[in-house]
Amino acid sequence: MAAGLWAVLIKGQPGRALNVGSKASISIKSLAERVCHLLNNQLDICLQQEPGNNAIPIRYVPSISRSRHELHLPAPLELDEAILRTCQWYSDTVTGNACSL
């Protein structure tokens, strides 16, 4: 995401809207569960307020095709790889310990 934002700042045309990120949609709960799974941690994930049974998920996934085409951005990392790299960076630069929750 950071690289995409830098590319927009450096190569983007003034006044032209470009989306960066991923074309995948994931809920916060699913993301938390995925992080726990990847880091081999058995935390209980709970939401303060669960969506109702008839609730329509409110998700908007903007198209990133324009930014990929105009700015020649590479495909974003797969989510699992991004999580593991973030964990490694955090371990190396912040804690000095192996990454865990």
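Any value given below was found using the heavy atoms of this structure, including those in side chains, with hydrogens, waters and symmetry copies removed.
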Report task. Please identify each residue that fulfils side chain to side chain contact (heavy atoms under 4.5 Å, CB included) with S27, with sequence neighbours left out. Result -> K29, S30, R59
Requested in this report: Could you tell me the separation between the CG atom of L18 and the CG atom of L5, rounded to the nearest 0.5 Å?
Outcome: 10.5 Å
Query raised in the report: Say you draw a straight line from CD of E33 to CD1 of I26; how long is it, rounded to the nearest 0.5 Å?
Result: 9.0 Å
Query - Same apolar cluster (I L V M F W Y, side chains within < 4.5 Å links), L77/M1 - result: no
Requested in this report: Answer yes if L79 and L39 sit in the same cluster of Ile, Leu, Val, Met, Phe, Trp and Tyr residues linked by side chain heavy atoms under 4.5 Å apart, and no otherwise.
Outcome: yes
If you define the side chain from C-beta out and look only at heavy atoms, does anything of [X] sit under 4.5 Å from [Y]?
X	Y	value
E81	R85	yes
N41	V35	no
V20	I64	no
R66	L71	no

Query raised in the report: Between I83 and R34, which heavy-atom pair has the shortest distance, and what is it?
Result: CD1-CG, 4.3 Å
Query raised in the report: Shortest non-hydrogen contact from C36 to L43?
Result: SG-CB, 3.9 Å
Query - Within residues 3-22 or reaching into it, pairs that qualify as side-chain hydrogen bond (donor to acceptor under 3.5 Å, both in side chains) - sequence neighbours excluded - result: R16-E70
Query - Other residues, nucleotides, ligands: >12 heavy atoms within 6.0 Å of L9 CG - result: yes
